[in-house]
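Note that the numbering runs from 1 along the sequence shown for the chain. Quick caveat: nothing in here was measured; it's all calculated off a predicted structure. Atoms considered below: every heavy atom in the structure, side chains included; atoms not considered: hydrogens, waters and symmetry mates. Counting starts at 1 for both ligands and their atoms, following the listed order.
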Amino acid sequence: MLTATRRFEFSAAHRYWRDDWSHAENERVFGKCISPYGHGHNYRLEVTITGTLDAATGMVMNMTDLKALVNTVLEEFDHKHLNEDTPYFKEQMPTTENLVRVLWQLIAARLPTVARLAHLRLYEQSDLWADYDGADETIFARAYTFASAHRLHAPSLSDAENRAIYGKCNNPNGHGHNYTLEVSIAGTVDAATGMVIDLEALDRTVRSVLDQLDFHHLDRELAAFADKPSTAENIVVYLWGELAPRFEGRLCHLKLWETRNNTFTYSGPHAA
Ligand SMILES: [Zn+2]
Ligand SMILES: [Zn+2]
């Protein structure tokens, strides 16, 4: 399948609040987002289309046309208050999950017949986004960081082999990274909250696992890496094993950034 992606930005305000809930209930579920006059974001939208490659033009769709089409849709949202200035959030919360689905409907309806919408990714901020491909389920994703020391060393190999394979990463005293873990959760959007998952609960669950790594030495302080090398591959598989059972089948995939250049993505079994 051939896809083409174009990025867009728009800025909007919004507020999460349900009149049929008490102040305490609103605050418990929506946190700071209940602030009465709203707050705002620079949203980033990635629009991915697919279709048949036209032999004459060498394009699925002219990206200039896609740009114009999507910008027409975004005019309704850019520099607006999502609750007050658009008709889409009178009955549902203007969450990232609901907004990406609204944008899907509006963009898909305007695409020419030669192209089809394949995927939308909507960032509310750089560490919080939603993915949608037109299915029942929406994916909500969040990025977390942790800072750990480690040393790459395979106990089953000789010191000379370890030095040859891992090079600088085999330094006996260790080195470290600012790791970033992207956690993607799939699910239906809750009608009352507009969310795929309770953000507070997600943060608490992921942090409880990452706190065991954060500001620690992976090999010396985690039993999981006592007898196997703490490569990013092994770390992301380990984190899947820790997190998947806590999300009861809803963990979609994990992506681990070891550095800005190296990323590792894993989707494993949901039960041990
Ligand atoms: Zn917000
Ligand atoms: Zn390293």
Problem set entry | Which N, O or S atom of H177 lies nearest to the Zn ion (ligand 2), by name | NE2
For this session: Output yes if H175 passes the N/O/S-under-2.8 Å test against the Zn ion (ligand 2); output no otherwise.
Result: yes
Problem set entry | Validation row, ring centre H150 to ring centre H217 under 6.0 Å | no
Exercise. Can the ring centroids of F8 and Y43 be said to lie less than 6.0 angstrom from one another?
Worked result: no
Exercise. Around the Zn ion (ligand 1), how many protein N/O/S atoms fall inside 2.8 Å?
Worked result: 3
For this session: Verify whether the ring centers belonging to H81 and H14 lie closer than 6.0 Å.
Result: no
Exercise. What do you reckon, is CG of D136 surrounded by more than 12 foreign heavy atoms closer than 6.0 Å?
Worked result: no
Exercise. Does NZ or CZ of R101 come closer than 6.0 Å to the centre of the six-membered ring of W104, within 45° of the ring's axis?
Worked result: no
Exercise. Quick check, are the ring centers of W21 and F30 under 6.0 angstrom apart?
Worked result: yes
Exercise. Per the side chain to side chain donor-acceptor pair (under 3.5 Å) rule, which among N42, T95, T96 passes with E124?
Worked result: T96
